[in-house]
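The figures that follow rest on heavy atoms only: side chains count, while hydrogens, waters and symmetry mates do not. Residue numbers start at 1 and run along the sequence shown.
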Amino acid sequence: MIQKYPLEWLDSLISLTLNPAKIYLQDLTREHLQQLTEKAIIETVHIQSELKNQVFSLHKESQIRLLVQKYHSALIILLDTVMAYREDKAFEHSDYSNLAKTLISCLDELLFFIENRFADFLGLEERVPVTYLEVSRKELKIKLDRLQKKLVKDVADPCFTGIVLEQLQRFINSRNNEGVTFRDLLYRRELVHKLDLLGKGDNRTSIYSALNELLIYMNFNSRHYIRYFTRTLADKINTLEDKAERLDSLHFHYKEFRQLQCHQNMILFPQQQGLKTVVGNWFEHEITYLEKTLTLHPDPVRGLKKVMTPLSVAKKVKVNISTDQIALFLRACDESRLIEARSLSQVFRQIVPHLATPAKTELSYDSVRSKSYNTEERDKEALVLLLQKIITKVKSY
């Protein structure tokens, strides 16, 4: 089946009708130019639909890749052509200039459509043509200027936003046009797009800020950002006086960090290690160091744990659930801020010694606390059923 060439009208308009070397350009009236401007906008939407139809009519990945790359290259050539026309005296007239601007906008929209929808089929390591790179940088600059005010307003730490904005501005203002790949360009475009959406709805899923979550997802492996992230985290944890509490907090932050999503095909600097790898190694080293300092104490007498007089069984509160379920419940209370304490360790230290279960009368707070990090599905389900019973009872009062 012979497929129609979706760019036929646009190609003919740019290559023939608007070519200053041809006679057709001189015959265009203001009314014709206005009609062509309107038609170009409509045609852009039509081309997107046609491209989708052609892609989905193919079954082999190699065929789709070839088709996508052909249209992507053709659009860049047309963009280069229009940009070259603007240097001609004929395009100094406002009507011709406005049509050229519209065409550049339409071509840019089509390129963005392909790069956004079919990025996996493009040669991401190929060099971006100079003209297209210039247009893309101007577009990014406009968006970033608007975005900068929003980020400075919404994010409390100017140092944080400065790291992100400086990285984007360096790319936009760079005069290096030779070594920029499509991967480099598409990453910056996607980052600016995601930053623009930041704050539109509550997207937070962890203890980390929405901006941190986004940069981790985007694999923003800038050394400046990684240093900022780890230093800020270390400063926060070091405010805790007790080393056991610091270790607890470090474990908790590491767990939350590991659960954050990270896009596998995106990275700011492909030649460097990914952000999750570098920060994950930092967590591992910090945890190992703290664990060693807990087992080594300069004064062996002061380093011994204080022997606490245990409560008698009669004075304890019997809880009819397992120790694993107690651990899960107390951790949930702490993280949901139902119980407020300096750390999770303090919650267990103050509450667990006063409890007993049907199976055990003496509970070690340290042992129960460690179980809160290794929960099983059956304990989760049992605790959820118990909480539902409590809800039903409360509603009955």
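- Outside the 6.0 Å centre-distance limit, the rings of Phe229 and Phe220 are not counted as a close aromatic pair.
- Contact check for Val130 versus Leu133: no side-chain heavy atoms found under the 4.5 Å cut-off.
- A distance-only check finds a donor-acceptor pair linking the side chain of Asn221 to the backbone of Phe269 [under 3.5 Å].
- Under the 4.5 Å side-chain criterion, counting only non-hydrogen atoms from C-beta, Arg188 is in contact with Leu268.
- Between the side chain of His253 and the backbone N or O of Ser249 there is at least one donor-acceptor pair closer than 3.5 Å.
- Hydrophobic clustering (side-chain heavy atoms under 4.5 Å, transitive across Ile, Leu, Val, Met, Phe, Trp, Tyr) groups Ile76 together with Ile104.
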For this session: Please assess Lys141 against Asp145 for the test salt bridge (charged side-chain N to carboxylate O under 4.0 Å, His left out), listing each intermediate value before the final yes or no.
Result: CA-CA 6 Å; Lys141 187 177 187 308; Asp145 289 343; 3.1 Å; yes
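- Panel note: side chain Asn219, backbone Gln264; no donor-acceptor pair is recorded below 3.5 Å.
- Heavy atoms of other residues, nucleotides or ligands lying less than 6.0 angstrom from CZ of Arg127 number more than 12.
- Annotation for Gln69 and Gly123: closest pair NE2-N, 3.6 Å, computed over non-hydrogen atoms.
- Here Glu61 pairs with Arg65 in a salt bridge; the nearest charged N to carboxylate O distance falls below 4.0 Å.
- Within the 3.5 Å criterion, the main-chain N or O of Phe348 finds no donor-acceptor partner in the side chain of Arg369.
- With sequence neighbours excluded, the residues forming a side-chain contact (heavy atoms from CB on, under 4.5 Å) with Lys318 are Asn320, Pro358, listed by chain and number.
- Distance CD/Glu245 to CG/Asp248: 8.0 Å, rounded to 0.5 Å.
- Under the 3.5 Å distance criterion, the side-chain polar atoms of Lys22 are left unmatched by any main-chain donor or acceptor of Thr17.
- In this structure, Ile47 and Pro6 approach most closely via the heavy-atom pair CG1-O, 3.5 Å.
- Summarising the local packing, CZ of Arg258 is surrounded by more than 12 heavy atoms from other residues, nucleotides or ligands at distances under 6.0 Å.
- When atom types are taken as modelled, the side chain of Asn238 and the backbone of Ala234 share a donor-acceptor pair closer than 3.5 angstrom.
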For this session: Could you give me the CA-CA distance, side-chain angles and deciding distance for Phe182 and His72, then say whether ring-ring contact (aromatic ring centres under 6.0 Å, His included) is met?
Result: CA-CA 11 Å; Phe182 279 106; His72 193 259; 4.9 Å; yes
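- Asn98 places a side-chain N or O within 3.5 Å of a backbone atom of Ser94 that can act as its donor or acceptor partner.
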For this session: Would you check, one step at a time, whether the test side-chain contact (heavy atoms from CB on, under 4.5 Å) holds for Leu10 with Leu110?
Result: CA-CA 12 Å; Leu10 203 58; Leu110 288 169; 4.0 Å; yes
For this session: Begin with the C-alpha distance, continue with both residues' side-chain angles, and end with the deciding distance and a verdict on salt bridge (charged side-chain N to carboxylate O under 4.0 Å, His left out) for Glu362 and Lys316.
Result: CA-CA 10 Å; Glu362 295 296 332; Lys316 292 187 176 185; 3.2 Å; yes
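- Cluster membership check: Leu67 shares its hydrophobic cluster with Tyr5, using side-chain heavy-atom separations under 4.5 Å among Ile, Leu, Val, Met, Phe, Trp and Tyr.
- For the pair Arg137 and Phe171, the distance from NZ or CZ to the six-membered ring centre is under 6.0 Å and the angle to the ring normal is within 45 degrees.
- Side-chain contact between Ile267 and Leu275 is absent, with no heavy atoms from C-beta onward closer than 4.5 Å.
- Without hydrogens or angle criteria, Lys276 side chain to Leu260 main chain gives a donor-acceptor distance under 3.5 Å.
- A 4.5 Å side-chain heavy-atom check between Gln167 and His224 finds every atom pair outside the cut-off.
- With no hydrogens or angles considered, no side-chain donor-acceptor pair links Gln54 and Glu50 at under 3.5 Å.
- For the pair Val135 and Leu111, the minimum side-chain heavy-atom distance is 4.5 Å or more.
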For this session: Could you go through the salt bridge (charged side-chain N to carboxylate O under 4.0 Å, His left out) check for Asp184 and Arg189 one step at a time?
Result: CA-CA 9 Å; Asp184 298 327; Arg189 273 187 165 177; over 6 Å; no
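- In this structure, Leu185 and Tyr132 approach most closely via the heavy-atom pair CD2-CE2, 4.1 Å.
- With ring centers used as reference points, Tyr254 lies under 6.0 Å from Phe283.
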For this session: Could you check Lys138 against Glu134 for salt bridge (charged side-chain N to carboxylate O under 4.0 Å, His left out), going step by step and ending with a plain yes or no?
Result: CA-CA 6 Å; Lys138 287 178 183 178; Glu134 289 176 359; 5.7 Å; no
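- Side-chain contact check for Thr288 and His285: no donor-acceptor pair (N or O, by modelled atom type) lies under 3.5 Å.
- Thr37 places a side-chain N or O within donor-acceptor distance of the main-chain N or O of Leu33, the cut-off being under 3.5 Å.
- Counting heavy atoms from C-beta on, the side chains of Val279 and Ile226 come closer than 4.5 Å.
- Using a distance-only test at 3.5 Å, with no hydrogens or angles considered, a donor-acceptor pair links the side chain of Thr81 to the main chain of Ile77.
- Contact record, Ala119 with Leu186: CB-CD1, 4.4 Å, taken as the closest heavy-atom pair.
- Taking the side chain as every heavy atom from C-beta outward, Ile207 and Glu256 approach each other to under 4.5 Å.
- In this structure, the separation between CD1 on Ile114 and CG on Leu75 is 5.0 Å, given to the nearest 0.5 Å.
- Rounding to the nearest 0.5 Å places CZ of Phe257 at 9.5 Å from CG of Asn212.
- Between Phe118 and Phe121, the ring planes are tilted. Angles from 30° to 60° get that label.
- Few gaps surround NE2 on His46; more than 12 heavy atoms of other groups in view lie less than 6.0 Å from it.
- Ion pairing of Glu92 with Arg86 is absent here, as no side-chain N (NZ or NE/NH1/NH2) approaches a carboxylate O to less than 4.0 Å.
- Salt bridge Lys243/Glu291: absent, no basic N to carboxylate O contact under 4.0 Å.
- Annotation: the span from Ile163 atom CD1 to Arg227 atom CZ amounts to 9.0 Å, rounded to 0.5 Å.
- Note that the CG atom of Leu197 and the CG atom of Leu214 stand 9.0 Å from one another [nearest 0.5 Å].
- Gln350 places none of its side-chain heavy atoms less than 4.5 Å from the side chain of Tyr365.
- We find that Glu335 and Arg331 are joined by a salt bridge, their nearest charged nitrogen and carboxylate oxygen being less than 4.0 Å apart.
- In this structure, Ile391 CD1 and Ser396 OG are separated by 12.0 Å, a value rounded to the nearest 0.5 Å.
- No more than 12 heavy-atom neighbours from other residues, nucleotides or ligands sit within 6.0 angstrom of CD on Gln261.
- With a 6.0 Å radius and a threshold of 12 heavy atoms from other residues, nucleotides or ligands, Glu8 has its CD atom at or below the threshold.
- With hydrogens and angles left out, the side-chain atoms of Thr323 and Lys360 include no donor and acceptor closer than 3.5 Å.
- A salt bridge does not link Asp196 with Lys143: none of the charged nitrogens is closer than 4.0 Å to a carboxylate oxygen.
- Checked by atom type, the side-chain pair Asp88/Tyr96 shows no donor-acceptor distance below 3.5 Å.
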Problem set entry | Worked verdict on Glu109 versus Gln48 for side-chain hydrogen bond (donor to acceptor under 3.5 Å, both in side chains) | CA-CA 10 Å; Glu109 183 181 336; Gln48 291 180 33; 3.1 Å; yes
